[in-house]
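These notes concern the structure reproduced below.
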Amino acid sequence: MKILEIIFSTSFGYAILRVTTPILFAALGAVISDKAGVINIALEGIMLMAALWGVIISAFTHSAWWGLVAAIVSGVLMSFILAYFSLNLKTDVILAGIALNLFSSGGTIFILYLVAHDKGISSSLKSEVLPQMTLPLVNKIPVIGPIFSGHNILTYIALLAVILVYVLLYRTPLGLRIRAVGENPDAADSVGIGVNKIRYIALLLSGILASFGGAYLSMGYVSWFSTNMTAGRGFIALAAEAMGKGTPLGTFFASLLFGFAGALANNLQSLRIPSEFIQMIPYIVTIIGLVIYSSSQVSRIKKVKEQ
Amino acid sequence: MKEILKMQNITKVYPNGIVANKRVNFSVNEGEIHALVGENGAGKTTLMKILFGLEQPEEGAIYLNGKKVSINSPFIAIKNGIGMVHQHFMLVPSLTVAENIVLGIEPRKRGFIDFKKAVEITEELAQKYNLKVDAKAVVRDLPVGMKQKVEILKALLRGAKILILDEPTAVLTPQETEELFEELLRLKEKGHTIIFISHKLREVKQISDRVTIMRHGKNVGVFKTSEVTEQDISKLMVGRDVVLKIEKTQHKPGEVVLEVKNLTWINEWGKPTLKNVSFSVRSGEILGVAGVEGNGQRELVEIITGLRKFDKGDLLLDGKIINNLSIKERRELGISYIPEDRMVYGVAAEASIAENLIADRFEKREFNHGILTNIRKIASFSKYLIEEFKIQCSSFNQKVKMLSGGNIQKVVVAREFSSGPKLLIADQPTRGIDVGATELIHKKIIELRDRGTAVLLISADLNEIMELSDTLIVMFGGEIVAYFDDLSKVTEEELGTYMLGLKKQSYEEIRRVLYA
Ligand SMILES: Nc1ncnc2c1ncn2[C@@H]1O[C@H](COP(=O)(O)OP(=O)(O)O)[C@@H](O)[C@H]1O
Ligand SMILES: [Mg+2]
C-alpha cells in the first residue's frame with residue numbers, strides 16, 4: 001500500500017511537526033484566553049494579519065527577525081482591539097471576533113495590493129524566512145534525527161511554548177488569577193483582582209501566540225504571503241483546544257492529530273485522488289475528532305454511572 | 001466605645017429605578033458584634049455592598065475611624081481593613097482551599113507561586129482563629145459550612161478588622177450555626193468588629209451587642225440588643241404585628257399521587273448524588289424535604305419534573321410509570337413546578353406578564369381563534385390572575401423583568417397554580433422575596449392542598465418547612481435519612497442532627513413514607 005509507505009516514512013513524521021506548528025501556536029493561544037473565560041474566535045484573523053506583516057516588514061528590513069517582531073506587534077494590536085471592544089465596550093466577544101476575522105480577510109488583500117501590487121500573492125516582495133535549525137547530536141540518531149532535526153526555529157519554539165503555557169497557567173500567580181477569573185469572576189473581583197485587566201493580559205498573550213503561528217506560515221512553512229493562507233487554522237485550533245480539554249498537554253496532542261491529517265492531505269496529492277477531496281481531509285478529521293471526543297465524554301459519564 | 005465606622009446619608013438607586021437605600025445612617029462601634037436586620041429586600045445587602053466598594057451610592061459618605069474615605073472598589077475596601085463574606089460564596093470551585101485563600105496575594109518564590117508556603121499560611125491562620133479547614137482540599141468538594149470558614153479566613157488573611165457576614169446562617173444547620181457563633185465570639189475577643197446580617201431574630205438576640213433595623217431601604221431604629229425583645233424588633237422590621245405562625249388545618253391525606261421508587265443518580269464525577277431514594281406523596285398532603293443544599297434535592301426535583309434524564313429507578317403518577325415522558329407530557333398529566341431559580345426556569349424575563357401566564361397553555365383552543373391568538377381572552381385571563389394573586393404591576397403587558405422579586409414569583413405561582421395541578425413541586429418557593437408575597441404564597445399552597453393537590457415542598461428555610469409541611473423527609477448525602485409524620489414532635493435541633501448526617505433513622509422507620 002502506497003499510503004502506509006508514506007505514513008511510515010521519516011519524512012512523514014517530519015511533515016507532521018511542520019504542519020502542526022501553526023495550529024499548535026494558535027491552539028495554545030486559545031487555551032490561555034479560554035482559561036480566562038473569553039473565547040478568542042479572532043485567532044484566524046490575527047494569524048492572517050501577522051503572516052502578512054511578517055512578510056512586508058521582513059522584505060523592507062531584509063531581516064526575518066524584524067518581520068517576526070512586526071507580526072507580533074500586529075497580533076498584539078488585533079487582540080487589543082478585540083479586548084477593547086469586548087471588555088470595555090461590552091460587545092459580544094464572538095461578534096467582535098467575527099468582525100476582526102472579516103476585517104483581516106479583506107484588509108490583508110487591500111494592504112497586499114498597496115504594497116505588492118498584487119491581490120493574490122506577495123511574490124514581488126523579497127521577503128525573508130526564519131532560519132532552520134539542525135539539532136546537534138539528535139540529527140545523528142536514526143529515525144529520530146530526520147523527524148526532529150532541521151525544523152524551522154518556530155517549530156521548536158512552539159514545542160517549548162507548550163511547557164511555558166503550562167508553567168504560566170499552573171505555577172505562576174498570573175496563571176492562578178487567569179484560572180480564577182475564568183471560573184468565577186466575582187470571586188476574583190471580591191479579593192481585589194481586576195477581572196478586566198487579567199482578561200486583557202490573557203487576550204494579548206493569546207494574540208501573541210497566534211501571531212507566532214501566522215509568522216511561521218509566511219516565513220517558514222512557505223516563503224510568501226497569499227490571500228487567506230491561514231485556511232481555517234485558527235478555527236481548527238479552537239477545535240484542538242476543545243478536544244484537548246483546555247489543558248496545554250491535551251491541546252498539544254489534539255494539535256498533533258490535526259497536523260497528522262494535514263500532512264496526510266499534503267502527501268496524498270502525489271497519488272491519483274482528486275485534490276479537492278484530499279484538501280477536505282483536515283476538516284473532516286476536525287469534525288470526526290470532535291464527534292469522537294464528545295461521544296467518549298458521554299460514554300465515560302455513562303460508564304461511571306453504571307458502576 | 002469608640003465609633004469605628006459611620007455611613008452617613010447613604011442613598012442608592014439601582015439602574016432599574018429601585019431605591020434600595022434611602023438616606024441611611026449606620027454606625028458601628030469598635031469590637032462589637034452589630035446585627036443588621038430587615039426583611040428580604042430591605043436593602044441590607046446593598047448597604048454592605050456599598051461599604052465593600054461593590055456598589056456606588058448616589059449620595060452619602062463613609063467614615064472610618066472618623067476619617068472620610070471613598071471606597072470605589074473591593075480592593076480599596078480590603079486596604080481599609082474591611083472584609084466581606086457574601087451571601088453567595090465567592091470561591092473558585094476547582095482550586096484548593098489554600099489557593100482560594102491566597103488568591104490575589106500569592107506567596108512567591110522566584111516569580112512562581114510557593115504552594116507550600118500557601119498551605120503553611122492557611123494552616124497557621126486556621127490555627128490562630130481556630131477555624132478548622134483542610135488547606136489541600138478542593139473547594140468544590142467541601143460542604144457549605146466549610147466553604148464559609150474558607151471565606152472568613154480569606155477576609156482575615158487580608159487584614160480585615162471589620163468583618164461583614166451577609167446572612168451567614170441561612171445555609172447552615174443549627175449545629176453549624178452554633179459553631180459559627182463560637183468562632184465569631186473568638187474573633188470579637190481578638191478585637192475584630194463584626195457586622196452580622198440576618199432576619200432570624202433568635203440568632204440576633206443570641207449573638208449581637210447592638211442591632212440596626214432596616215425597612216424599605218430606611219434605617220428604622222438602632223438598639224442595644226439586650227434592651228429589646230424579638231417582638232419589638234419584628235414589629236419594626238415589618239411595620240406591623242407579624243403572624244409568626246402559618247394558619248392551617250389538619251391535613252386529610254388521600255390516595256398516593258406521586259411515587260418515587262429506588263431512584264439513583266450518579267453525577268459526572270462518578271459520585272452518587274441520589275442513592276436508592278423511595279418515597280410517596282399523597283393527595284391533600286404537603287410533604288416537606290429538609291436538608292442542607294446540595295444533598296440531592298436539586299437532582300430529585302429535576303428528575304421528577306423531567307429536566308433531567310435518569311436510568312435507575314421509577315417514577316409513578318397515579319400508579320402509572322412516567323419515567324420517559326417529556327416535560328410537556330408530565331405537565332399535561334397535572335404536574336406543576338415552582339423552580340428554585342425563577343429567572344432561569346420560572347419566567348421569560350423579556351416577555352410580558354400575560355405571555356408568561358399563558359406560557360404553558362397558549363396552544364389551547366380557548367386562547368386562540370384558529371391560527372391567531374385570542375387577545376381578548378388572554379387579557380381577561382391575565383387580569384383575573386393578577387387580581388387573584390395580587391401581582392403589583394402597571395398592566396398585564398408589562399415586562400416581567402420590571403417587577404420586583406416577590407411579584408415575579410407571584411407570576412410563576414399564578415401560572416402553576418391555575419392549571420389545577422394534581423402534584424405541585426415547590427422548590428424554594430419563597431426564597432429571597434418579601435414577607436407579603438411569602439404569606440400569600442404560603443396561603444395559596446395550603447389552599448391547593450385543601451383542594452386535594454399533592455405538594456412536594458423543598459426548602460432550605462427550616463422555619464418554612466416546619467410550618468408548612470404536614471409530613472417531612474430529611475435528605476443527607478443523597479439519601480433519605482429520616483421521615484416524620486407528626487411535626488409537632490420534632491425540634492429544629494433534632495432535624496439539624498439528621499441534616500448533618502449525625503443521625504439516621506432505621507430502614508423501617510424511613511419505609512413508612514411509602515404508605516404501603
Ligand atoms: N443589582 C440590582 N439591580 C437592581 N435592583 C436590585 C439589585 N440588587 C438588589 N436590588 C433591589 O434592591 C432592593 C434591596 O435589595 P437587597 O439590598 O438585596 O436587600 P436585602 O439584602 O435586605 O434582602 C430589593 O428590592 C432588590 O430587588
Ligand atoms: Mg441580602
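Residue numbers start from 1 in every chain, and the chains themselves are labelled A, B, ... in the order their sequence lines are given, proteins ahead of strands.
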Is the closest side-chain heavy-atom distance between Met84(B) and Ser190(A) below 4.5 Å?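 Result no, sub-4.5 Å side-chain heavy-atom pair not found.
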
Indicate yes or no for a side-chain donor-acceptor contact from [X] to the backbone of [Y] under 3.5 Å, with no hydrogens or angles considered.
X: Arg177(A); Y: Gly104(B); result: yes
X: Glu183(A); Y: Ser94(B); result: yes
X: Asn184(A); Y: Leu91(B); result: yes

Relative to chain A, which segment of [X] carries a heavy atom at a distance below 4.5 Å: side chain, backbone, both, or neither?
X: Phe115(B); value: side chain
X: Ile105(B); value: backbone
X: Lys79(B); value: neither
X: His86(B); value: side chain

Which residue pairs pass the ring-ring contact (aromatic ring centres under 6.0 Å, His included) test when at least one of the two sits in residues 177-209 of chain A, sequence neighbours left out?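 Residue pairs with at least one partner in residues 177-209 of chain A: Phe80(A)-Tyr200(A).
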
Checking Tyr166(A) now: which residues fulfil ring-ring contact (aromatic ring centres under 6.0 Å, His included) with it, not counting sequence neighbours?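 Scan of Tyr166(A) (ring-ring contact (aromatic ring centres under 6.0 Å, His included), adjacent residues dropped) gives Tyr170(A).
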
Going through the checks in order, is the side chain to side chain contact (heavy atoms under 4.5 Å, CB included) test met by Ile113(B) and Arg171(A)? CA-CA 6 Å; Ile113(B) 299 181; Arg171(A) 289 284 177 269; over 6 Å; no

Counting only heavy atoms closer than 4.5 Å, note whether Ile193(A) contacts chain B via side chain, backbone, both or neither.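 For Ile193(A), side-chain heavy atoms alone lie under 4.5 Å from chain B.
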
